[in-house]
Amino acid sequence: MTRSAKAASATMWGKRDDMIVREDLPFNAEPPASVLAAAVITPVDTFYSRNHGPFPDIAPREWRLTVGGSVDAPLNLTYDDLTTKFAQHCVVATLACAGNRRAELLRVHPIPGKDPWEHGAISTAEWCGVRLVDVLAAAGVRREDELHVEFLAPDVAQEARPVQSYGSSIPLNKAMSEEVLLAWQMNGQPLPRAHGGPVRVVVPGYIGARSVKWVTAITVQPAPSQNYFQAIDYRILPPEADADAVAEGEGISLSSLPLNCDILVPTDGERVSAGALTVRGWAIAGDGHSVERVDVSLDGGHSWRQADLRPAASRWAWSRWSLTVDVEPGPLSITARAWADTGVTQPESPASLWNPRGYGNNAWAHITASAI
Ligand SMILES: Nc1nc2c(c(=O)[nH]1)N[C@H]1C(S)=C(S)[C@@H](COP(=O)(O)O)O[C@H]1N2
Ligand SMILES: [Mo]
């Protein structure tokens with residue numbers, strides 16, 4: 001596909017024309033790192049878009065949501081029911097695709113058939129809607145440990161085996177946490193179709209794959225979803241596994257995001273002026289934890305300096321950091337690592353994390369540039 005055709009698909013879905021379009025259909029696009037760096041709350045036209053099928057086209061008045069399974073009073077809700085019968089809540093939350101930073105993994109060893117996401121399969125928005133726990137309570141959910149909540153959507157994924165519509169699940173304990181929303185607004189606008197409008201699930205702190213867009217069915221059930229994207233995909237397989245031959249339930253299912261950080265400015269290969277250089281990026285800790293420190297190294301991790309860390313907009317949003325350093329003319333190697341309130345820091349190399357589907361890269365962030 002030509003660059004202009006890809007730019008046309010970005011425009012069609014309300015995205016900036018400098019988005020890096022990985023696939024046209026299904027539409028998969030990430031913003032350039034320097035653009036992502038510009039704002040704490042990512043504008044809708046800049047927010048990454050990750051899809052496994054064509055977008056359903058559901059008018060709010062036609063949309064229905066069923067809530068069933070291990071509940072005493074199954075529900076069949078209209079858009080009006082959802083938006084008027086429950087209290088509204090907003091959460092600033094970062095969504096990150098489990099495949100963000102995959103490009104660094106496939107420079108270790110190839111990962112055929114998977115999009116080579118660089119720095120941009122992560123974005124932050126203010127989401128507004130109702131708490132999933134309020135809807136589950138209205139349905140008389142049985143509060144038993146070990147239950148799971150499955151979300152299903154109508155978009156059909158040709159890549160799934162067998163071909164099926166998108167779905168996934170989260171444990172009931174997480175589903176009952178106040179940060180999990182059924183959202184119909186993103187940054188104060190009606191949720192755009194590309195991001196799951198009219199209504200999507202937002203599961204802050206978990207990989208993006210669990211935030212099911214265009215959700216139409218919620219089922220409380222004794223086991224995780226059998227959907228391809230829960231039972232087969234979005235799992236960390238051992239390096240020697242054949243990703244095309246794994247059975248259901250093999251590998252480690254991804255749920256909460258790992259501690260991670262990245263460098264957005266300067267960008268890979270950029271030529272900057274010698275002298276004062278402000279390095280910028282983000283950091284996030286796992287499932288509701290906080291980032292306590294970010295270190296930056298200009299010598300591959302021999303020595304470190306602490307970056308200035310700004311308070312996160314919420315417990316569920318990335319923390320932004322920056323550090324102004326003095327650089328001499330010549331090649332530049334910039335590395336960053338974050339520390340969480342639990343005292344853990346990130347693994348050093350993508351090589352130690354390589355896995356056949358290229359998920360969960362949270363190695364030290366690293367870019368090279370040059371000063372002139
Ligand atoms: N119905 C549906 N929901 C979905 C997906 C999808 O393909 N279909 N992709 C998931 C993945 S892998 C991610 S990372 C996020 C991306 O959300 P965004 O496109 O709003 O950025 O949506 C998730 N929800
Ligand atoms: Mo994702």
Side-chain angles (χ1 to χ4, degrees), residues 9-10 13-15 19-23 25-31 36 41-58 63 65 93-102 114-117 120-127 129 150-160 163-170 180-187 189-218 225 227-230 232-236 253-258 260 357-361:
S9 76
W13 300 118
K15 297 294 165 186
M19 290 293 272
I20 305 163
V21 178
R22 301 272 168 220
E23 288 174 81
L25 191 69
F27 182 63
N28 280 294
E30 63 179 308
L36 188 59
I41 305 287
T42 315
V44 170
D45 70 354
T46 307
F47 204 102
Y48 82 98
S49 189
R50 171 75 182 106
N51 301 288
H52 298 80
F55 298 153
D57 189 2
I58 315 170
W63 178 84
L65 176 68
T94 298
L95 283 196
C97 186
N100 189 35
R101 304 183 57 199
R102 178 182 285 131
K114 291 280 184 185
D115 288 331
W117 300 105
I122 179 167
S123 300
T124 301
E126 183 190 45
W127 310 94
E150 178 188 63
F151 311 117
L152 292 179
D155 55 318
V156 177
Q158 295 298 329
E159 73 184 78
V163 170
Q164 60 199 272
S165 64
Y166 191 87
S168 79
S169 64
I170 61 174
V180 179
L181 299 183
L182 295 172
W184 60 83
Q185 266 186 25
M186 180 180 185
N187 295 350
Q189 302 171 26
L191 187 66
R193 191 172 153 203
H195 292 289
V199 179
R200 79 177 298 168
V201 185
V202 175
V203 186
Y206 272 34
I207 61 164
R210 307 305 176 220
S211 290
V212 174
K213 302 192 270 190
W214 313 288
V215 61
T216 52
I218 297 178
S225 173
N227 187 276
Y228 175 84
F229 296 99
Q230 186 78 37
I232 305 266
D233 204 352
Y234 291 105
R235 287 171 174 266
I236 302 273
S253 175
L254 290 161
S255 55
S256 57
L257 287 167
N260 208 343
R357 291 206 186 91
Y359 291 132
N361 178 16

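Read the numbers this way: they start at 1 and go in the same order the structure lists the ligands and their atoms. Keep in mind that this is a model prediction, so the values were computed, not measured.
- A side-chain donor-acceptor contact under 3.5 Å links Arg50 and His52.
- For Arg22 (side chain) and Asn28 (main-chain N/O), no donor-acceptor pair under 3.5 Å exists by modelled atom type.
- Contact annotation: the side chain of Ile58 approaches that of Pro154 to within less than 4.5 Å [non-hydrogen atoms, C-beta and beyond].
- Counting heavy atoms from C-beta on, the side chains of Ser168 and Val212 come closer than 4.5 Å.
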> Passes ring pair (Phe, Tyr, Trp, His ring centres under 6.0 Å), Trp214 versus Phe55? Steps please.
Replying inline: CA-CA 9 Å; Trp214 313 288; Phe55 298 153; 5.5 Å; yes
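- Sorted by chain and number, the heavy-atom contacts of ligand 1 below 4.0 Å come from Phe47, Tyr48, Ser49, Arg50, Asn51, His52, Leu95, Cys97, Ala153, Asp155, Tyr166, His195, Arg200, Gly208, Ala209, Ser211, Val212, Lys213, Trp214, Tyr234.
- Counting heavy atoms from C-beta outward, Ser255 and Ile170 have side chains that stay 4.5 Å or more apart.
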